[in-house]
Amino acid sequence: MSSKIVLIDGHSILNRAFYGLPDLTNAEGLHTNAIYGFLTIMFKLLEEEKPDYLTVAFDVHAPTFRHKMYAEYKGTRKPMADELRQQVPVIKEVLQAMGVKTIECAGLEADDLIGTLSKRCERKDMEVVVISGDRDLLQLATEHVKIRIPKTKQGRTEIEDYYAKDVFERYQVTPEEFIDLKALMGDTADNIPGVPGIGEKTATKIITQYHSIETAHDHVEELKPPRASKSLNEYWDLAVLSKELATINVNAEFSYELSEAKLGNVYTEEAYVFFQKLEFKNLLSRFDVAAPANKIEDGFRIITSKREAEEIFAKAEKAQTTGTVLFKDMENVLPLFADQAGLGGIGLCFSNEAGFCIKTGNDISGEWLLEKLADVAETTDTFSMFHLKESMDQIKIRKPENCFDVSVAAYLLNPLKNNYTWEDVAREHLDLMVDEKADQEIKACYEAYTNYASVEVLSRKLADTKMDTLFREIEMPLVFTLFDMEQNGIRVEAEALKQYGNQLACKIGDLEKEIYEEAGETFNINSPKQLGVVLFENMKLPGGRKTKTGYSTAADVLEKLAPEHPVVAKILEYRQYTKLKSTYADGLANYIQDDGRIHGKFNQTITATGRISSTEPNLQNIPVRMELGRLIRKVFIPEDGYRFVDADYSQIELRVLAHCSGDEHLIRAYKEQSDIHRITASQVFHIPFDEVTPQQRRNAKAVNFGIVYGISSFGLSQDLSITRKEAAKYIDDYFATYPGIKTFLDHAVTHAKEEGYVVTLFGRRRPVPELSSSNFMQRSFGERVAMNSPIQGAAADIIKIAMIRVNQKLKKQKMKSRLVLQVHDELLIEAYEPELEAVQKILKEEMEHAAKLKVPLEIDMHTGVNWYEAK
DNA sequence: ACCAAGGTC
DNA sequence: TCCTAGACCTTGGTA
């Protein structure tokens, strides 16, 4: 049987991968999407083809030679994006680490290398497989040379295969003639000009008849569409140049030793290290030699006897640092009922030498384990866990100050990740890879070890980045505050909620009928796609395209459309009602527990800015702006004998901005007047304070908001329905009035560009990788992020401090009153009636003095028998 | 799994 | 020129 070689067009595949995949970066900020895509394609290929030889060809510089000729000719070729350029040397190193032969040669394009190699190999009776995104290479196809072209179709990569006969089938020309075809029709992707006025159809006709441009030129007078005849005559030079550009040199001179391309095991240890660095987690599973021999694992032990367990606990109690994990007993439970599983055991680690997995069963009960663990948590100096809050309902923590939550530390060090796992921490911070196929006992040891060992590493990194205080004094105490809030939950009247839902259902039913009638057909109003067709095609309402998938039916679009037809307003109303019913009435009802309360989750490691997020359900977006939606707050009620106290900061972000910028005018404005929007209007528009019109105040308010978001004239003009020019004028006037703010925002962007991150008052960091993007949109986004994050982040820090202190005070004074919600600038307390006044005092005191700024922090506070009333 | 939509601060 | 406000979460529809 003949042997087989795979030839890969390196730059072409990298390019394809780069533009076909979303941006990926590793912890060091290196872009990796092209490398990742390249490797996936390569692996797929190796599996399918099982070749004996493999070679990847690169251009020396991209672009070179033939392409450069045309680039100069036309001067259009864009430089390679920076994000892609930086990946080129890396992929070469990775390939080298995998023992894959790469080839590049000055003065020769990858095409020429591949063309020449394919001919040389074919002569040796080998099977050749060429992979490239470049259709130019189809000219190389023969009976034994297969050209494979990957295509991205709706996210999936499909590969088109071409032997000579397939080229003929697809283009009705032979591979050799394909060059001439290209010479006539051109190819913008490959930078081949072609002959103007001749497209695929005409070109095919001409080449099938004359087989080459030269013959066609000889018979130029006879060419069928007179237009083509004229064109070929006129642009003959261009045709010749195009053919030259399109022709791949199959007889290039360069040295190449086939034996070097012999494909061995690409899953080498060296490559493994690269894959780790690049964070290609799912590619790592391909390496069957897991992590390079691990000493740590030798020290892991599985404990099933109580006597041994007791000895270990005794040592742990005296240990300086203890890493722990709980795991479920999945052996005695069906996967579907995982949440009902009992405790299967724990992982425990308090030295570099050993790790233990202590299992329940025999004479070791779950309760006993958890009690011992609570003792350890109290006596060890540092008790470390991952997502500590999620274990706190099982392990009673008596000394919060001993605790270290690895997930929170990892979050502070990089708040941009969308999830935090101990495996990631092990890899990123400890250079430790965990075998995915390991048993749960071994995994428990690994996690315990990770939690143990990362204390030192992460503490040092937090100190290095000056976030140790933030971690110790805000984030760690917050873990306990959030835990308390989750435990407390909030009481919701299920009956009233149901009634509210029923009322909505009636309205929805009526509206549905009316809409169908006016539209003249029935359809799914909830489907933006169907709705778009009904409105803009069937009913012929004026309106343009907006989204990728079709017509936009967003509220602002429909609002503009409302005067055109009465059905539009009804649709808007229908939307409102269905939103309320599905998300809030029905949605919330599903979360009411047996105790009549909703115990939502408050997440600490989600947002990029440092805010808390709320899920299952989201209690931070309960309607308030529209009266109809606001009514839902009436079903949130305190326990009997209690009342709600709701306190929210007044414009905390603007006040933070005033403080951080140090702008004297804004600071004075805050000290003198409480109506900041009015005073802004007065100062920016140069009008006496008392003569500010409501419209002027509204405009000033919009500008104030815009500033906080990282202003752009376009955004502001959208918001105020004014021209961009007018909006730009507002912004200019604003900055003229408050020059300190301009300086501050500019500085934030400059700092972010230089350092790669922005910082809040309290030292919280947010990296801004977008600022180094070559894409204008991305970069602009980065600039807004740089302006917004320090402000939003500092505000988040302040309320975190406040809520920690409020909660601690309530507990210290043994009050029955309890914190139930945080909504970014608002705290809701379920206050025991006898404690009502004390609670209000605590709230005011702690919230207003959470931070000492150059402007006062003020709050609004209300009480009520439900949330509607208290807000 | 993704998008469009829409709810909050 | 690029056509854009910051931070989230849940829903229903569609591929």
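Proteins come first, then strands; the chains are lettered A, B, ... in the order of their sequence lines, and each starts at number 1. Atom set for the values below is all heavy atoms of this structure, side chains included, hydrogens, waters and symmetry mates excluded. Source: prediction; values computed, not measured.
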Do A:E653 and A:R611 meet the salt-bridge criterion of a basic N to acidic O distance under 4.0 Å? yes
Would you classify A:G710 as touching base, sugar-phosphate or nothing, given that sugar-phosphate means primed atoms plus P, OP1 and OP2, and contacts are heavy atoms under 4.0 Å? nothing
What pair of heavy atoms forms the shortest contact from A:N788 to A:T609, and how long is it? OD1-CG2, 4.5 Å
Between A:R779 (CZ) and C:dT1 (P), how many Å, whole number? 15 Å
Between A:Y709 and C:dG6, do the rings stack, that is, sit under 5.5 Å apart with planes less than 30° off each other? yes
Rounded to whole Å, how long is the line connecting atom CD of A:Q778 with atom P of C:dT1? 21 Å
Check every strand shown and say whether A:S789 touches a base, only sugar-phosphate, or nothing at a heavy-atom separation below 4.0 Å. nothing
Rounded to the nearest angstrom, tell me the gap between atom NE2 in A:H824 and atom C1' in C:dG6. 12 Å
Scan nucleotides 2-4 of chain C against the protein and return all N/O pairs shorter than 3.5 Å with their distances rounded to 0.1 Å.
from	atom 1	to	atom 2	distance (Å)
C:dT4	O2	A:R784	NH1	2.8

Within a strict 4.5 Å, meaning less than it, do heavy atoms of the A:H659 and A:L761 side chains meet? yes
Is A:R597 salt-bridged to A:E830, cutoff N-O under 4.0 Å? yes
In whole Å, I'd like the distance from the CZ atom of A:R766 to the P atom of C:dG6. 10 Å
What do you reckon, is CZ of A:F705 surrounded by more than 12 foreign heavy atoms closer than 6.0 Å? no
Counting only heavy atoms from other residues, nucleotides and ligands, does the tally under 6.0 Å from NZ of A:K742 exceed 12? no
For A:E475, is there an ion pair with A:K800 - N to carboxylate O distance below 4.0 angstrom? yes
Nearest heavy-atom pair of A:A752 and A:V758: which atoms, and what distance? CB-CG1, 3.6 Å
Heavy atom of residues 521-533 of chain A under 4.0 Å from DNA chain C: which residues? A:N524, A:N526, A:S527, A:K529, A:Q530
A:L416 CG to C:dA7 P, in whole Å, measures 10 Å
Would you say A:F536 and A:L561 make side-chain contact, with heavy atoms under 4.5 Å? yes
Minimum heavy-atom separation for A:L720 to A:R698, with atom names? CD2-O, 4.5 Å
Once you apply a heavy-atom cut-off of 4.0 Å, does A:V708 come out as touching a base, just sugar-phosphate, or nothing? nothing
When you measure from every atom of DNA chain B, which of residues 573-585 of chain A have a heavy atom less than 4.0 Å away? A:R575, A:K579, A:Y584
Considering only heavy atoms, which members of residues 609-625 of chain A lie under 4.0 Å from some atom of DNA chain C? A:T609, A:R611, A:S613, A:S614, A:T615, A:E616, A:N618
How would you give the extent of chain A contacts on DNA chain B, as first and last nucleotide 5' to 3' within a 4.0 Å heavy-atom cut-off? B:dA4 to B:dC9
Centres of the A:Y734 and A:Y738 rings: under 6.0 Å? yes
Where along residues 790-798 of chain A does a heavy atom come under 4.0 Å from DNA chain B, residue by residue in number order? none
In terms of heavy-atom contacts, A:L558 and A:V568 come closest through O-CG1, 3.1 Å
Looking only at non-hydrogen atoms, find the nearest pair between A:A647 and A:I859 and report the distance. CB-CD1, 4.0 Å
